[in-house]
Amino acid sequence: MSSSVSIGNNNGVAVVTIDNPPVNALSFHVRELLMQALVSLRDEPSVAAIAITCAGRTFVAGADITEFGKPVRQPDLRALVAMLETIAKPTVAAIHGTALGGGLELALGCHFRVADTGAKLGLPEVKLGLLPGGGGTVRLPRLVGPLKALSMIVSGTPIVAAEALADGLVDAVFDGDLIAQAVSIAADMVAKGGPFTPVRDRNDRLDQANLPAFDKQAAALSKKARGLEAPIACAQSVRNALTLPFDEALAAERDLFVKLVAGDQSRAQRHLFFAERQAAKIAGKDVVRRKIARVGVIGAGTMGGGIAMAFANGGLPVTLLETTQEALQRGLTTIDKNYAVSAMRGSLSEDAKRQRLALFKGSTDYADLTDCDLIVEAVFEEMAVKKEVFGRLDAVAKPGAILATNTSYLDVNEIAASTSRPQDLLGMHFFSPANVMKLLEIVRADKTSPDVLATIADLARRIGKVPVVVGVCHGFVGNRMLAARGSELEPLLLEGATPRQVDQAFTDFGWPMGPFQMVDLAGLDIGWRNRKARGQTADIADTLCEQGHFGQKTGSGFYRYEDSSRTPLLNPEVEALIRDKAAGNGIAPRTIGTKEIIERTLYPMINEGAKILEEGIAARASDIDVVWVNGYGFPVGKGGPMFWASLEGVDKIIRRLDHWHQQTGKDVFRVAPLLRQMAETGSWDGAAG
Ligand code: 3H9
């Protein structure tokens, strides 16, 4: 038999091993061979029991995602699991690594499941815009109960082996030789004698009395779905397990799966799955990475503190540097408080909190950075200040240390040129709060060496970030496109829209918040400072700043905030200011619809994305999508701006941009040649990068 499925025999217990690197996905050839193997073992008198296990680093991590959207080739996963359940001999799944999606569904077809202590088990299909389509929604509740199944399936978050044991998902957890343990359990079951009940027939945890509690939890989870169909379908399907006979619930799960897998949302989320992995691949696989054992962070403010926490969360020791003892103490106290809050909320154990805090070393002396392999600067956003910092670093950092700037806008080439080692310098643009936000823009300067880029991309994944390499320009990928997105916001207000209406259009689209809420949260002063530095103005926002309205931190911005609450309230003064400014500019207010708000903000942003690709600032359109979904909350169900452009229709986008360009002459509406090419060829290829 082919090496992707092999059979061994251990005193009457057949051991079926799946070997389909890298993650043992259930591709067609694996399903076909597995089916043949199981049928032959079912009918083979000398085999008393069957154990299913995997070679390599993990148990089956799911169906093969690359097969979705193509015609299904039989046997499909459902047929495989149904076949497993016809076997009267005891069947045992031996789980190491991750049993995810179709992998866990396969294991649910077995009578017993045993796991390695380090194993994780889950049904993450929802993250791909799907629901478990191999019977997971109807079998899992039979083992762990409907409430637990609901939370696992709607969140998609895997649980660890110990939790799986406590919940009844696995029957035993072992350290050491897992296969030997699985064989031993199978042999014990043979000795004990059957019949063995398949999971489909275990109904004791499906108590109808749980329905009200279930519906309450499902309603709470659905509220958070923000327009995504998959979480709702997941909840519905688990409910079916509780209210319908097994076969009917299974058929309903299938129908929901078929609908979701063909839909735009799942296509978008699958696109993002591969886009994130693609973005993390830096050219030059064979490049030798530098060793990063200790990190230095300069600046213990909000950004520096968050960056330091991000490294500590990834298990790296951090030296945190400030100019004064007081500033350092303030920064360390904030870090302490942040971890205390996580511990209080239960997302971090007391032990883990202590371990993380033990990784911090504070200092006010640059000489203490000499043992750092990477030093990240997070000081005030001004070129002169940055240059001074790097001048000092140049003098103390050890040879080969990587130097990084966390600038959001400044020219990284200019910063690199101010050191004697530009090949070791790059940008690491974290997003606030840096310990939470997943995006890391890695800014490649002209002289950054390939091994520095590759080292930082690997490090980013090690600390749980999603890295994207970008080139040098004002604002890199994210903030440059953010400026394009914002270019029509004030004109929209002057023409008659309100901040609330614009924000509502954004949240209806699926953004977590609208642009005016966002600017109130971040502080209007940040954009004001930026505009002043570039000689730009914004009629309304500048006036608000001149009057001291910086947003949430001052209790008023585009909205009002009462008693340090974060709830945005209508601000009649701002509405009056807008009407005043409009009158001053001779603009008569008109009714502006949601569609116009979305088009005038998102189309220029896509156009800017095309320009960014032309210039080689981003290497792929999918990299831009990864930036926007992970750094700015672009709705995952729409796949990022460049993916969404295709859904929206590139022709239509161009027509509108051309029209606005003719009307206003604004550069932001000048259609990028690559956007026109995209309309003709359906591909973003041909970008400079
Ligand atoms: C499902 O099961 C549906 C069923 O309910 C119903 C069916 C009818 N397929 O992430 P990594 C590739 S839906 C194809 O870098 P890690 C990945 O693209 C599925 N390919 O490694 C990458 O390729 P490359 C439910 C897959 O160690 C390589 O493997 N399951 C799949 O950081 C390494 O991946 C999931 O959603 C796949 N299923 O993380 C689990 N998975 O090297 C999805 C991975 O060419 N997978 N690849 O770039 C994961 O979460 C992570 O890959 C895992 C390993 C945690 C397993």
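Just so it is clear, the model here is predicted, and its values are computed rather than measured. Below, each value reflects all heavy atoms present in this structure, side chains not excepted, and no hydrogens, waters or symmetry copies. One-based numbering, in listed order, for ligands and for the atoms of each.
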Would you kindly check if the NZ (Lys) or CZ (Arg) of Arg270 is within the cone defined by 45 degrees around the ring axis of Phe274 and under 6.0 Å from the six-membered ring centre?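 Relative to the ring axis of Phe274, which defines the angle, Arg270 lies outside at least one limit.
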- Query: Taking the six-membered ring of Phe509, is the NZ or CZ of Lys638 close enough (under 6.0 Å from the centre) and on axis enough (within 45°)?
  - Reply: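 That pair qualifies as a cation-pi contact.
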Would you mind checking which non-hydrogen protein atom is closest to [atom], with the distance to 0.1 Å?
atom                    : result
atom 5 (O) of ligand 1  : Glu125 OE2, 2.5 Å
atom 16 (P) of ligand 1 : Arg57 NH1, 3.6 Å
atom 6 (C) of ligand 1  : Gly133 N, 3.5 Å
atom 9 (N) of ligand 1  : Ile65 N, 2.9 Å
atom 8 (C) of ligand 1  : Phe257 CZ, 3.8 Å
atom 32 (O) of ligand 1 : Arg461 NH2, 3.8 Å
atom 34 (O) of ligand 1 : Arg277 NE, 4.0 Å
atom 7 (C) of ligand 1  : Ala63 CB, 3.8 Å

Count the heavy atoms belonging to other residues, nucleotides or ligands that lie under 6.0 Å from NZ of Lys127, then report whether that count exceeds 12.
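Result for NZ/Lys127: enclosed.
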- Message: For the NZ atom on Lys120, are there more than 12 heavy atoms of other groups (residues, nucleotides or ligands in this structure) within a distance under 6.0 Å?
- Response: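 No - once you tally the heavy atoms of other residues, nucleotides and ligands closer than 6.0 Å, there are 12 at most.
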Which option out of [options] puts a heavy atom nearest to [atom]?
atom                    : options                       : value
atom 30 (N) of ligand 1 : Ser27, Gly136, Ala61          : Ala61
atom 36 (O) of ligand 1 : Asn20, Leu104, Thr137, Leu128 : Leu128
atom 50 (O) of ligand 1 : Asp64, Leu131, Leu123, Leu100 : Leu100

Over all atoms of both residues, closest heavy-atom pair of [X] and [Y]:
X      : Y      : answer
Arg31  : Leu26  : NH1-O, 3.0 Å
Gly168 : Leu143 : O-CB, 3.8 Å
Thr455 : Arg289 : OG1-CA, 3.6 Å
Ala460 : Pro467 : CB-CB, 3.7 Å

Using a heavy-atom cut-off of under 4.0 Å, does the side chain or the backbone of [X] touch ligand 1, or both, or neither?
X      : value
Val23  : side chain
Pro22  : side chain
Pro124 : side chain
Lys127 : neither
Lys281 : side chain
Phe68  : side chain

Looking at [Y] and [X], is there a salt bridge between them, counting it only when a charged N and a carboxylate O are closer than 4.0 Å?
X      : Y      : answer
Arg620 : Asp625 : no
Arg139 : Glu85  : yes
Asp215 : Arg239 : yes
Asp373 : Arg294 : no
Lys148 : Glu163 : yes

Show which atoms of ligand 1 fall inside a sub-4.0 Å distance from at least one heavy-atom site of [X].
X      : value
Glu105 : 4 (C), 5 (O), 6 (C)
Pro132 : 5 (O)
Phe273 : 18 (O), 41 (N), 43 (C), 44 (C), 46 (N)
Phe274 : 18 (O)
Gly101 : 2 (O), 25 (C)

- For atom 23 (O) of ligand 1, is some protein heavy-atom partner under 4.0 Å away?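 There is no protein heavy atom less than 4.0 Å from atom 23 (O) of ligand 1.
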Can a protein heavy atom be found under 4.0 Å away from atom 53 (C) of ligand 1?
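Neighbour list for atom 53 (C) of ligand 1 is empty of protein heavy atoms (cut-off 4.0 Å).
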Query raised in the report: Among all residues two or more places apart in sequence or in another chain, which pass the side-chain contact (heavy atoms from CB on, under 4.5 Å) test with Ser449?
Result: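 Ser449 satisfies side-chain contact (heavy atoms from CB on, under 4.5 Å) with Arg290, Gln423, Asp451, Val452 once adjacent residues are dropped.
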